[in-house]
Amino acid sequence: MQFKSIRSRLTTWFLIVALIPLLVVTGIIYTQRVHSIKEEAFHKLTAIRDLKAQRVKAWLLERTGDIKTISEDYEIRFLGGTKDHRSNGEQHTTVMRKLLARYVVNYQDYHEIFILNPLTGIIEISTNQIHEGEDKSENIYFTEPLRTRNPFINDIYFSKTLAEPSMTFSTPIFCLEHDGEHVVGILVARIDLKHSLYALLLNRVGMGETGETLIVNRERLALNELRWHKQAPLQLTISTQSAVLASQGESGIVEVKDYRGVPVLAAYTHIDMPKWGFVAKQDVAEVYYPIKILLFQFLILVGFAISMVFGIAMYLSRIFAKPIIDMTGTAQKIKTGDFSARVQPGSDDELGYLAEAFNNMTSSIASQIEESNTLKLELQKEKDFLDAVLNNIEDGIVACNADGVLTLFNRATKKFHGLPVESLPAEQWAQYYDLFLADGKTPMETSDIPLFKALKGEKIQDIEMVIAPKEGGKPRVIRASGQPLYNLQGGKFGAVVSMHDITERNLAEEALKKTHEMLLHSEKLSAIGSLSASIAHEFNNPLQGVMTVIKGVQRRSTLDEEDAKLMEMAVNECDRMKNLIKSLQDFNRPSSGRVAPMNIHATIDSLLLLSKMEYKTKGITVETNYAEDMPQIKAVADQIKQVLLNLFNNAAYACEGGGAITINTEVVSKENITIKIKDTGKGINPEHMDQIFDPFFTTKPAIKGTGLGLSISYGIIKKHGGRIDVESEPDKGTTFTIILPVEGLKKAK
């Protein structure tokens, strides 16, 4: 339980301590009174049930006694046994009718009394002459007494004669002769239920405004009129627990819902003679009304007691809580910085001593805070100085505590790691960058990070790593050094690492290395070019002589067909050698820069001739598909040759180990032509597609390329007013498309 003040706490506990005994005692008394009221209600309703049931039984016995008395009347037996009254005994019939009428007139219970002929079942004499002569031989009140020779009670049924519920009592009439051996008639009394049994049940004295009694037969059909259902007899089936148990021969009392669905207290029993279930019931709301009155009285009493206890608790809590509340108010002032606040001792007891100790503590705290503020100001100055120094160092400084939590990133470190300028919680720093080993590809494990190595006690020196910011910044190559931090007691409290950015230096070294390799390669190419020209010159003269001799032999000699073919083949090979030597001489000559008409197909053929043997050795097939109407273009021929040769060499390198190179030319319009060089080689990695035309970019080993070929080729084609497009898919090949204007260089100028 949470309290906002000690006064409310004390008030609550005073109330709890005072009210719990009161409520417990009150609850016990109330429970006992409720139990007593319920028990009294049970006894009362049970007594009413027993009294009413006894009256119903008595009524049944009286009616049975009446019918037996009438049947044993001497005159009834005598007249019924006189045989000649049936043939000529009008006088006898009148006498018997008067005898029966006395019972109907003197007792309201009877509606009609009549005698049935035991042989035919016809009404011979009746108090209602209209019914005389009717055949009742099928009725149970005739057949049962005749069979059992005993009185019979016919349960309440719907009488067609009366057009209403009725009940009959019947008994045999025995003759006066032969010791009553013969049945001379069946006496039947039809009961007037409204003025007898129903009147008895409608007497509800002691049952209040809701009580009533009811009887049900074995089928649980109501047999009497009810307070809330006037048409109940033989029409309303009552399936409540009390009615079911009563019809089954049991007795007791239960709380159930009656035929209306209203909770009632029902006392039930069984009446054996006609197999009736008898129920006396009263609404629970009325039966337990005294409990409501009692509850209301108890609530008034408890409310009054609570009010008194609350007032006393408030008074006591105010007395006990006042000194503490005063100290709380003083503490609030001290919390806001008013250390001049003091508590006024109100007594000489423990609370007064506590107030004095509180004042002394306040004075001590004020003194300590003043000293602390002075020390804090000095520490802040030193921290600001240290931050300024760290943030002006170009090298990065990073530190962590003994738990490995980052505690310091200076300005340079934030820049390396791509952290925003605004301050961030240390636990979020690692979300902005990735750390890699020196190769820039292998992610660093935690155990490889220099800071954590230092935290483990290791002194590190010049460890290279790569920091890759996740948003925007370029990866930085860092050289890190660091060591653990120890306090004066020798305990390790963290680690620190300094980081020097060597990215630009590495790039410069790499560029210098590539430049050096390019110069070496250029010198090699120059030497090879000079050597090629010298060899071509030395071979050209002897070759001319050989060709002259062979052609002379062809003219002067008569050769058979096979020798003639051999001689022709030798001449063709000499021509091929001559063209090869001419191509070598042309390749070695520096670019003239002269624009002239140029035959693209002839140029391609001459370049392929130079590389024919290389392609054959590498298992590369070359296919050319030339446009038939290809015009000559205006260009610097040796520059275009350089572009084509570079692309052929790249295609051959991509197909190393076997493949195919396809060269297609097409006239796309009057202004432009295209040259497509397609290979089936290893293709270009997608991540390199944007870099292939950059200077010095190459995927070839240093001995095979400098990374300038495509860059120079791109510049030459652009200078001619065209462009180079490239399409590539890894492991499926590459297609370079050169688009050149027919009036290329002239138009560009």
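Reckoned from all heavy atoms, side chains included, excluding hydrogens, waters and symmetry mates. Quick caveat: nothing in here was measured; it's all calculated off a predicted structure.
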For this session: Flag the pair K136 and E138 as a salt bridge only when some basic side-chain nitrogen lies within less than 4.0 angstrom of an acidic carboxylate oxygen.
Result: no

Seminar exercise, completed: Contacts of D66 meeting side chain to side chain donor-acceptor pair (under 3.5 Å) (sequence neighbours excluded), chain-then-number -> R63, Y110

Problem set entry | Closest non-hydrogen atom pair, S71 against P172 | CB-O, 3.8 Å

For this session: Any chance you could measure I48, atom CD1, to T213, atom OG1, to the nearest 0.5 Å?
Result: 9.5 Å

Problem set entry | Check against side chain to side chain contact (heavy atoms under 4.5 Å, CB included), T64 and M273 | CA-CA 10 Å; T64 304; M273 191 179 298; 4.0 Å; yes

Exercise. Run the side-chain hydrogen bond (donor to acceptor under 3.5 Å, both in side chains) check on T210 and E286 step by step: do they pass?
Worked result: CA-CA 7 Å; T210 61; E286 184 178 21; 2.3 Å; yes

Exercise. Just checking, is any N or O donor in the side chain of S251 or T269 under 3.5 Å from an acceptor N or O on the other one?
Worked result: yes

Problem set entry | Side-chain heavy atoms of W228 within contact of K230, under 4.5 Å | no

Problem set entry | Neighbour count >12 (heavy atoms, 6.0 Å) for atom CZ, R218 | no

Problem set entry | Enclosure of Q108 CD (heavy-atom neighbours >12, cutoff 6.0 Å) | no

Problem set entry | Partner residues of Q297 under the side chain to side chain donor-acceptor pair (under 3.5 Å) criterion, sequence neighbours left out | none

Exercise. Do any N or O atoms from the side chain of D258 and from the backbone of G261 form a donor-acceptor pair under 3.5 angstrom?
Worked result: yes

Exercise. What do the steps show when you test D50 against R55 for salt bridge (charged side-chain N to carboxylate O under 4.0 Å, His left out), and what is the final call?
Worked result: CA-CA 9 Å; D50 294 342; R55 287 181 178 178; over 6 Å; no

Exercise. Does the side chain of V188 come within less than 4.5 Å of I67's, by heavy atoms?
Worked result: no

For this session: Report the distance from atom CG of L146 to atom CG of L119, rounding to the nearest 0.5 Å.
Result: 8.5 Å

Exercise. Does the side chain of I115 come within less than 4.5 Å of M96's, by heavy atoms?
Worked result: yes

Exercise. Minimum heavy-atom separation for P274 to D155, with atom names?
Worked result: O-OD2, 3.8 Å

For this session: Starting from the C-alpha separation in whole Å, work towards a yes-or-no answer on salt bridge (charged side-chain N to carboxylate O under 4.0 Å, His left out) for R33 and E40.
Result: CA-CA 10 Å; R33 287 291 298 124; E40 182 180 348; over 6 Å; no

Problem set entry | Parallel, tilted or perpendicular: ring planes of Y141 versus Y157, cut at 30 and 60 degrees | tilted

Problem set entry | Euclidean distance, T240 OG1 relative to L214 CG, rounded to 0.5 Å | 7.5 Å

For this session: Flag the pair I37 / V287 as yes when at least one side-chain heavy-atom distance between them is below 4.5 Å, and no otherwise.
Result: no

Exercise. Taking C-beta and beyond as the side chain, do I76 and L187 meet within less than 4.5 Å on heavy atoms?
Worked result: no

Exercise. Has the side chain of S36 got a donor or acceptor atom that lies under 3.5 Å from a matching backbone atom of Q32?
Worked result: no

Exercise. Which is it for E250 and H270 under the side-chain hydrogen bond (donor to acceptor under 3.5 Å, both in side chains) test, yes or no, and what are the steps along the way?
Worked result: CA-CA 6 Å; E250 298 186 26; H270 187 70; over 6 Å; no

For this session: Answer yes or no: is there a side-chain heavy-atom contact under 4.5 Å between L234 and L223?
Result: yes

Exercise. Are the side chains of V104 and L100 in touch, meaning some heavy atoms are under 4.5 Å apart?
Worked result: no

Exercise. Does any donor atom in the side chain of W59 or D109 lie under 3.5 Å from an acceptor atom in the other side chain?
Worked result: yes

For this session: For the pair E212 and K281, find out whether any cationic side-chain nitrogen is under 4.0 Å from an anionic carboxylate oxygen.
Result: yes

Exercise. So with a 6.0 Å cut-off around OH of Y107, is the heavy-atom count from everything else above 12?
Worked result: no

Exercise. Checking side chain to side chain contact (heavy atoms under 4.5 Å, CB included) for the pair L162/R190: CA distance, chi angles, key distance, verdict?
Worked result: CA-CA 10 Å; L162 301 178; R190 183 177 284 122; 3.2 Å; yes

For this session: Answer whether the closest heavy-atom distance between the side chains of T120 and S137 falls below 4.5 Å.
Result: no

Exercise. Any ion pair linking R227 and E209 (charged N to carboxylate O, less than 4.0 Å)?
Worked result: no

Exercise. Does E112 use its side chain to pair, donor to acceptor, with the backbone of T127 at less than 3.5 Å?
Worked result: no

Exercise. Are the side chain of D283 and the backbone N or O of A285 linked by a donor-acceptor pair below 3.5 Å?
Worked result: no

Problem set entry | Distance in Å, N139 CG paired with I186 CD1, rounded so as to fall on 0.5 Å steps | 12.0 Å

For this session: Test R147 against T143 for side chain to side chain contact (heavy atoms under 4.5 Å, CB included), laying out the working first.
Result: CA-CA 6 Å; R147 182 181 65 83; T143 58; over 6 Å; no

For this session: Could you tell me the separation between the CG atom of L202 and the NZ atom of K194, rounded to the nearest 0.5 Å?
Result: 10.5 Å

For this session: Evaluate the side chain to side chain contact (heavy atoms under 4.5 Å, CB included) criterion for residues I253 and L45: first the C-alpha distance (whole Å), next the side-chain angles of each, then the deciding distance (0.1 Å), finally the verdict.
Result: CA-CA 9 Å; I253 186 168; L45 194 60; 4.3 Å; yes

Exercise. If we ignore angles and hydrogens, is there a donor and acceptor under 3.5 Å between the side chains of S126 and N128?
Worked result: no

For this session: Inspect the surroundings of CD1 in I300 and state if more than 12 heavy atoms from other residues, nucleotides or ligands are less than 6.0 Å away.
Result: yes

Exercise. Atom NE2 in H111, atom OG in S196: separation rounded to 0.5 Å?
Worked result: 11.0 Å

Problem set entry | Result of checking L245, V264, V244 against V256 for side-chain contact (heavy atoms from CB on, under 4.5 Å) | V264

For this session: Could you tell me whether a side-chain N or O of N150 sits under 3.5 Å from a main-chain N or O of T148, the two making a donor and an acceptor?
Result: yes

Problem set entry | Main-chain N/O of M167 paired with N154 side-chain donor or acceptor, under 3.5 Å | no

Exercise. If you take all heavy atoms of A266 and V279, which pair is closest and at what distance?
Worked result: CB-CG1, 4.0 Å

Problem set entry | Nearest heavy atoms of R102 and L99, plus distance in Å | NH2-CD2, 2.7 Å

Exercise. If every non-hydrogen atom of R149 is compared with every non-hydrogen atom of F174, which pair is closest and at what distance?
Worked result: NH2-CE2, 3.2 Å

Exercise. Is a side-chain N or O of E124 found less than 3.5 angstrom from the main chain of N117, in a donor-acceptor match?
Worked result: no

Problem set entry | ring pair (Phe, Tyr, Trp, His ring centres under 6.0 Å) pairs, two or more places apart, involving residues 285-307 | Y30-F298

Exercise. Taking all atoms of both residues into account, what is the closest heavy-atom pair of S170 and P145, and its distance?
Worked result: OG-CG, 3.1 Å

Exercise. Looking only at atom types and distance, does a side-chain atom of R49 sit under 3.5 Å from a main-chain N or O of Y268, one as donor and one as acceptor?
Worked result: yes

Exercise. Taking the side chain from R77 and the backbone from C175, do they hold a donor-acceptor pair closer than 3.5 Å?
Worked result: yes

Problem set entry | Donor-acceptor pair between Q235 and Q231 side chains, under 3.5 angstrom | no

